[in-house]
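Heads up, the thing below is written out as structure tokens.
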Amino acid sequence: MGQEEPAVERRLSNSDEERDESRLAQFGYKQELKRDWGLAHNFGVSFSIISVITGLSTLFSYGLATGGPAVMSIGWIVVSFFTLMVAIAMAEIVSAIPTSGGPYFWSAMLAPPRWSPFFAWLTGWYNLLGQVAVTTGITFGLAGLISTAISVKSPDFEVTPGITIGIYAALLVSHGIINSFGVKTLRYLNNVSIVLHSAGITAICIAVLAKAPTHQPASFVFGKFIDGTAADESEVGWSVRASPAYVAICGILLAQFTLTGFDASAHLSEETKRASWSAPIGVVSSVGFSAFFGFFVLMAFLFSIQDLDRTINSDYGQPVLQILVDVAGEDGALVLFSLIMICVWHCGLFSMTSNSRMMFAFARDGGIHPFFHKVDERFRSPIRTVWLAAFLSFILALPSLGSTVAYAAATSIATIGLYISYGLPILIGLVWQPAFVAMKGPFNLGVFSRPIAAIACGWIGFITVVFCLPTANPVTSQTLNYSVVAVGIIGIFAIGAWVVWAHKWFTGPAEEVAEAMRLGVDPTEPGALEEREKKGLGEKDVNAARDVSDNGM
């Protein structure tokens with residue numbers, strides 16, 4: 001009896017693996033990546049990339065200056081709700097189309113044949129931009145945290161943009177090496193990351209709340225508005241030049257950037273068992289848990305602020321570190337801050353994992369040079385796209401050498417680029433609903449599908465405009481929000497390249513695969529597509545005859 005159970009488990013496992021490979025074959029691809037991730041691993045990657053402690057630690061200063069505690073707390077609740085709507089709408093799509101390509105492949109499958117290549121091309125480039133910018137935002141933010149931590153015990157240490165860029169480059173190399181040669185290690189680091197981001201950060205928050213000498217009242221946390229958007233003391237902030245509402249909507253970037261990157265569950269679907277179910281659950285659960293958990297972390301920090309002015313104008317230049325120092329002293333603060341930095345490091349690591357998978361899939365379909373469609377046989381890793389991701393992320397951070405708002409702009413680019421790529425396939429599925437219905441997977445929203453998709457698209461349209469707005473007054477070459485430039489350049493490049501030359505050769509996923517999926521048939525079954533097309537044609541002829549007959553009567 002004891003010897004039969006492993007055999008049964010093996011047969012079940014093989015059956016699941018065969019179904020996953022068969023499903024991937026329906027999309028026209030063979031199994032190249034190693035499929036040994038489970039639901040917990042799939043959830044863990046998105047949970048690690050969302051990494052609420054990363055967004056809150058690196059953008060806490062921005063949040064205090066752009067709306068203050070009131071916008072940070074209430075904004076988190078509002079953003080969490082709408083982000084969950086986006087995640088649910090995405091989950092329904094990834095359940096139907098679980099491939100590493102993610103959003104660009106969804107757009108190709110859901111759009112009509114005439115528009116399929118164009119939407120795949122446009123979505124792919126925005127997803128690529130967003131993926132690169134997310135890696136930049138996370139890892140460059142970590143470089144800043146490390147520089148700050150060093151200065152605590154070394155007051156003479158001067159944090160310069162050049163030093164921060166150097167630390168950033170070293171961090172990218174560490175992520176690249178592990179993603180290239182340690183694919184098996186990634187699973188174990190994923191488990192470590194889940195524990196650190198949940199139990200570890202919970203312990204930090206409880207310790208901060210318990211040791212804080214005093215606590216701020218709820219009126220401060222939910223009602224204190226701050227406008228620190230004036231570029232210097234001689235200027236007024238945007239609440240005066242425009243309105244407090246302007247500052248508030250810009251301030252929600254902290255929450256929206258934090259709750260970003262959950263498409264990682266989709267990009268890892270070709271490495272996930274039972275992907276049609278595990279991947280969508282990974283998308284939704286990662287956002288739901290992060291929203292709840294992030295609110296707890298945010299409350300812990302806001303309630304534990306001892307001196308608001310000292311926190312905003314901290315000698316360390318980092319408000320979260322200042323809160324920890326005020327509560328636990330410098331030595332205790334550094335211990336807690338080190339744990340936070342380790343969490344951020346894991347976040348950047350898995351961001352590059354997701355990034356490289358997206359680029360690998362895009363190269364597979366011709367979106368970028370086929371040189372990058374290569375899986376190393378020994379390590380079963382797309383090494384070329386790993387280092388492409390590292391290189392592009394490094395390039396995107398270079399403007400920080402000459403701009404004080406470059407980091408905030410990078411986070412805006414990440415948010416806008418990714419959410420545009422999320423929104424396009426959701427919008428396509430909303431407009432061309434019949435094609436989507438024909439291919440839906442086990443995660444099916446039924447009658448709620450279209451209302452949720454409409455809410456998701458409306459929210460994405462709103463934040464796309466909002467996060468291109470300037471956040472410092474006056475607007476100069478140093479304070480310009482250049483995210484509108486980067487996002488615009490990608491849009492102009494993608495559309496211009498399509499019109500000039502890409503339409504001549506880029507077809508996206510195989511046309512017959514896309515057509516089979518729209519008709520709800522298995523393209524790997526000989527003759528199935530032709531038979532369904534004949535049947536569809538016959539039905540059209542019958543309906544046309546009925547219309548003629550009715551008109552004649």
Side-chain angles (χ1 to χ4, degrees), residues 50 55-56 58-87 89-90 126-127 129-130 133-134 136-137 225-231 236-262 287 291 294 298 403 405-424 426-427 453-475 479-491:
I50 292 176
L56 292 178
T58 55
L59 284 180
F60 205 85
S61 179
Y62 174 89
L64 286 177
T66 317
V71 172
M72 295 167 75
S73 56
I74 297 174
W76 184 274
I77 297 172
V78 173
V79 169
S80 294
F81 171 79
F82 286 105
T83 303
L84 192 59
M85 294 298 102
V86 176
M90 282 178 58
Y126 270 115
N127 193 238
L129 170 70
V134 163
T136 302
F225 178 83
I226 300 172
D227 180 7
T229 58
V236 296
W238 280 106
S239 65
V240 176
R241 182 176 177 181
S243 73
Y246 180 94
V247 178
I249 61 175
C250 290
I252 64 172
L253 174 63
L254 176 143
Q256 195 66 78
F257 171 69
T258 302
L259 297 174
T260 298
F262 45 89
V287 173
L298 184 61
S403 174
V405 296
Y407 179 71
T411 58
S412 293
I413 293 169
T415 308
I416 295 169
L418 277 186
Y419 274 93
I420 288 177
S421 72
Y422 298 169
L424 282 171
I426 295 174
L427 179 62
I455 293 172
C457 290
W459 179 251
I460 291 171
F462 171 72
I463 62 174
T464 297
V465 174
V466 165
F467 295 149
C468 286
L469 299 174
T471 56
N473 182 53
V475 180
T479 62
L480 174 70
N481 182 353
Y482 77 89
S483 57
V484 66
V485 178
V487 173
I489 287 175
I490 285 294

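Computation of the quantities below employed the complete heavy-atom set of this structure, encompassing side-chain atoms and omitting hydrogens, waters and symmetry-equivalent molecules.
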Which pair of heavy atoms, one from [X] and one from [Y], lies closest together, and at what distance?
X: Ser483; Y: Cys468; answer: OG-CA, 3.9 Å
X: Ser421; Y: Asn127; answer: OG-ND2, 2.9 Å
X: Ala255; Y: Gly75; answer: CB-O, 4.3 Å
X: Pro474; Y: Ala231; answer: CD-CB, 3.9 Å
X: Cys250; Y: Pro470; answer: SG-O, 4.3 Å
X: Thr471; Y: Trp238; answer: C-NE1, 3.7 Å

Exercise. Would Val487 and Ile420 satisfy side-chain contact (heavy atoms from CB on, under 4.5 Å), going step by step from the backbone distance to the final call?
Worked result: CA-CA 10 Å; Val487 173; Ile420 288 177; 4.2 Å; yes

Calculate, to the nearest 0.5 Å, the distance between atoms [atom1] and [atom2] belonging to [X] and [Y] respectively.
X: Trp459; Y: Leu84; atom1: CH2; atom2: CG; answer: 13.0 Å
X: Leu253; Y: Leu59; atom1: CG; atom2: CG; answer: 6.0 Å
X: Thr258; Y: Phe60; atom1: OG1; atom2: CZ; answer: 11.0 Å
X: Leu129; Y: Ile489; atom1: CG; atom2: CD1; answer: 10.0 Å
X: Ile413; Y: Leu418; atom1: CD1; atom2: CG; answer: 11.5 Å
X: Met72; Y: Ile77; atom1: CE; atom2: CD1; answer: 13.0 Å

Seminar exercise, completed: Hits for side chain to side chain donor-acceptor pair (under 3.5 Å) against Thr229, two or more places apart or cross-chain, chain-then-number order -> Asp227

Exercise. With sequence neighbours left out, what residues match Thr260 under side chain to side chain donor-acceptor pair (under 3.5 Å)?
Worked result: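 Thr260 satisfies side chain to side chain donor-acceptor pair (under 3.5 Å) with no other residue.
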
Exercise. Is it true that a side-chain atom of Thr83 and a backbone atom of Ser80 form a donor plus acceptor pair closer than 3.5 Å?
Worked result: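 Such a contact is absent between Thr83 side chain and Ser80 backbone.
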
Problem set entry | Test item: Asn473 side-chain N/O and Gly237 main-chain N/O as donor-acceptor pair under 3.5 Å | no

Exercise. Checking side chain to side chain contact (heavy atoms under 4.5 Å, CB included) against Leu254, which of Leu56, Thr58, Leu259 comes through?
Worked result: Leu56

Check whether any side-chain heavy atom of [X] lies under 4.5 Å from a side-chain heavy atom of [Y], and answer yes or no.
X: Phe467; Y: Ile252; value: yes
X: Pro69; Y: Phe225; value: no
X: Tyr422; Y: Phe262; value: yes
X: Ile426; Y: Val86; value: yes

For this session: Verify ring pair (Phe, Tyr, Trp, His ring centres under 6.0 Å) between Phe82 and Phe462, making sure each step is shown before the conclusion.
Result: CA-CA 11 Å; Phe82 286 105; Phe462 171 72; 8.4 Å; no

